[in-house]
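Working notes, structure below.
Both counts, for ligands and for their atoms, begin at 1 and track the order of listing.
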Amino acid sequence: MRTGGQILVDQLELNGADLAFCLPGESYLPVLDALYDSPIKLVTCRHEQGAANAAEAYGKLTGRPGICLVTRGPGATQAAVGVHTAKQDSSPMLLLVGQVPRAFRGREAWQELDYGQVFGGIAKAAWELDSVERIPEHMAEAFSIAVSGRPGPVVLALPEDVLAERADVADGAPVEAPRQPPAAAELARLRELLAEAERPLVVVGEGGWTAETSRDVQGFCEANALPVACAFRCQDFVDNRSRSYVGVLGVAMDEAIAARLRDADLVLAIGGRLGEVPTRRYTLLEPPDPQQTLVHVHPDPGELGRVYLPDLAIAATLPEAAGALLALERVEARWREWTAAARAEYEANLVTEPMEGDLDLGEVMAFLRRRLPGDAVQTCGAGNFTVWAHRFAEFTQFGTQACPRSGSMGYGLPAAVGAQLVHPDRVVVCFTGDGDFVMSSPELATAVQYGLPIVILVVNNGMYATIRMHQERAYPRRVIGTDLENPDFPALARAYGAYGERVEHTEDFGAAFEGALASGRPSVLELPVDPERISPRVKLSELRGEA
Ligand SMILES: Cc1ncc(C[n+]2csc(CCOP(=O)(O)OP(=O)(O)O)c2C)c(N)n1
Ligand SMILES: [Mg+2]
């Protein structure tokens with residue numbers, strides 16, 4: 001006889017969970033107690049936002065559901081942001097939420113919510129356990145939904161009496177994501193479409209990507225001299241040093257790559273939803289029937305034709321699709337110049353304009369490009385600082401960028417916590433801003449508690465610069481709600497027990513970075529920057545018409 005909590009934890013174990021992120025609550029004590037005897041490492045966070053974002057990053061980096069445990073009402077609602085990101089980013093995740101006993105349901109008991117309703121529009125699926133005997137069945141269903149088709153977050157509410165009850169039930173079987181290769185006829189049609197193309201562009205995006213998928217897609221692109229662009233925050237899907245890699249379709253998109261997508265005559269999307277960001281607000285590809293010939297490969301048939309009507313829709317899991325593409329008989333590449341020109345544009349775009357002030361973020365990024373090992377993981381939240389972090393970074397292997405495609409602030413630090421726990425031996429760098437960092441800075445305590453030597457680079461411009469930039473564009477000189485008065489970041493870091501340093505000059509960054517790594521502790525390097533350079537190509541004074 002096992003308690004509901006034990007049965008539940010056993011299902012986590014047999015599905016390969018090795019880490020779980022929580023903020024404890026009395027509503028799920030039997031689960032916590034079962035974890036006491038489990039090999040699963042339980043990581044206690046300081047805010048449910050942090051726990052959910054760390055679990056989201058775990059899912060993004062491993063392809064297995066990130067496990068997050070939170071209490072009812074307030075815990076669940078605070079975790080919602082991580083669920084939203086997992087949905088938008090197509091990351092597998094399992095949010096387990098405490099719930100009032102079944103006998104109280106419907107009374108709006110203490111912290112009671114109907115999780116099916118609350119998370120119905122946020123998660124891929126959300127429901128409540130009804131009996132202890134059916135826990136293995138519910139958990140198998142939850143894992144299966146999280147990893148199949150377009151991966152995503154599943155929310156399961158756990159009534160406390162169900163968790164405490166005992167039952168003699170058999171475990172479920174480990175869930176394996178179904179695999180779906182593309183059909184031979186679809187591949188033949190793709191070859192025909194490629195053979196007619198003159199200006200093809202491959203666009204890679206999320207939805208069950210693996211390291212093997214990366215290698216195969218890259219091999220396919222190189223063999224056919226095809227240019228390949230990464231969707232927003234999927235920059236680690238292709239080795240950026242490949243002669244086929246031509247850049248990222250992200251925010252503050254480079255004009256040259258935007259033009260390549262607009263001018264392409266054939267777009268082969270492998271994964272991804274061709275969402276608002278990679279299509280520049282649905283303009284580079286126009287819904288519903290873009291002028292470009294569109295081939296869309298996606299594991300979820302429900303995503304095919306949802307926004308864009310593909311000329312060829314291939315419902316296939318991405319590793320299988322990538323393997324089939326690599327095996328495809330080569331097509332005579334009539335687009336070698338088109339690819340080479342796009343690659344040259346990407347390389348030219350790595351060159352920075354000098355930045356005002358004493359600290360130049362372009363130079364910082366150039367240093368990191370040389371210094372970071374290929375397997376270093378980079379995380380971020382949201383803000384204009386990410387434009388530097390993305391445009392000037394170089395990713396060479398899959399599973400090294402854990403950034404929110406949802407554009408959620410506060411993601412970077414908890415994601416770095418998750419990444420360092422997944423990869424204890426790797427360098428993990430979190431890019432954050434003064435606004436972004438403060439949103440989740442309590443997780444610095446988590447990093448200290450678990451001895452995670454992440455390096456946090458806080459780009460401090462004294463404002464929510466992204467919003468200020470839009471504000472100055474739309475309403476010049478009418479600044480409201482975007483100024484920030486900040487804490488002393490290095491002192492704050494030291495108060496948490498982390499290493500802290502302010503780096504005021506470009507030439508000091510290298511030594512400071514080495515010092516941070518050598519400290520062996522979580523480190524915060526504050527980078528004060530001149531607010532004039534509000535984005536790599538945008539000056540505040542120009543926005544205000546003062547130039
Ligand atoms: C959770 C959340 N709240 C608000 C926003 C809107 N937003 C996007 S970027 C940004 C400013 C971020 O400020 P900071 O971290 O200082 O970066 P900066 O833009 O100054 O480089 C805001 C408020 C968001 N994306 N996510
Ligand atoms: Mg800022």
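- Of the residues Tyr496, Phe437, Tyr499, the one that meets the ring pair (Phe, Tyr, Trp, His ring centres under 6.0 Å) test with Phe489 is Phe437.
- When the N, O or S atoms of Asp434 are ranked by distance to the Mg ion (ligand 2), OD1 comes first.
- Ala382 O, 3.5 Å is the protein heavy atom nearest to atom 12 (C) of ligand 1.
- In terms of protein heavy-atom proximity, atom 13 (O) of ligand 1 is closest to Tyr464 CD2, 3.4 Å.
- For Tyr346 and Tyr245, the ring centers are positioned less than 6.0 Å apart.
- The option with the heavy atom closest to atom 23 (C) of ligand 1, from among Met409, Arg468, Met463, is Met409.
- Trp209 is not listed as a side-chain neighbour of Cys234, based on a closest heavy-atom distance of 4.5 Å or more.
- The shortest N/O to N/O separation between Ala465 and ligand 1 falls below 3.5 Å.
- Remark: ligand 1 and Met439 share no N or O pair separated by less than 3.5 Å (distance only, no angle test).
- The Mg ion (ligand 2) has Asn461 among its coordinating residues (N/O/S atom, backbone or side chain, under 2.8 Å).
- Donor-acceptor pairing under 3.5 Å is recorded for the side chains of Thr466 and Asn384.
- Atoms CG and CD, on Leu413 and Glu443 in that order, are 6.5 Å from each other to the nearest 0.5 Å.
- With hydrogens and angles disregarded, no donor-acceptor distance shorter than 3.5 Å links the side chain of Arg150 to the backbone of Asp300.
- Here the shortest heavy-atom distance to atom 21 (O) of ligand 1, taken over Trp388, Phe385, Phe431, belongs to Phe385.
- Using modelled atom types, one side-chain atom of Asn240 and one backbone atom of Phe395 make a donor-acceptor pair closer than 3.5 Å.
- When only interatomic distances are considered, the shortest N/O to N/O separation between Gly407 and ligand 1 falls below 3.5 Å.
- At least one N/O/S atom of Met463, whether from backbone or side chain, sits less than 2.8 Å from the Mg ion (ligand 2).
- Of the protein's heavy atoms, Asp434 OD1, 2.6 Å lies nearest to atom 16 (O) of ligand 1.
- Heavy-atom distances between Ile467 and ligand 1 reach below 4.0 Å in at least one pair.
- A salt bridge does not link Lys60 with Asp236: none of the charged nitrogens is closer than 4.0 Å to a carboxylate oxygen.
- The atoms of ligand 1 that sit less than 4.0 Å from any heavy atom of Asn461 are 18 (P), 20 (O), 21 (O).
- In this comparison of Asn384, Thr386, Asp436, the heavy atom closest to atom 18 (P) of ligand 1 sits on Asn384.
- Between His298 and His296, the two ring planes are perpendicular [angle over 60°; tilted spans 30° to 60°].
- Here is the list of ligand 1 atoms found below 4.0 Å of a heavy atom in Gly435: 14 (P), 15 (O), 16 (O).
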**OP:** Evaluate salt bridge (charged side-chain N to carboxylate O under 4.0 Å, His left out) for Arg233 paired with Glu206, printing each intermediate quantity in order.
**Re:** CA-CA 9 Å; Arg233 296 181 170 166; Glu206 70 287 345; over 6 Å; no
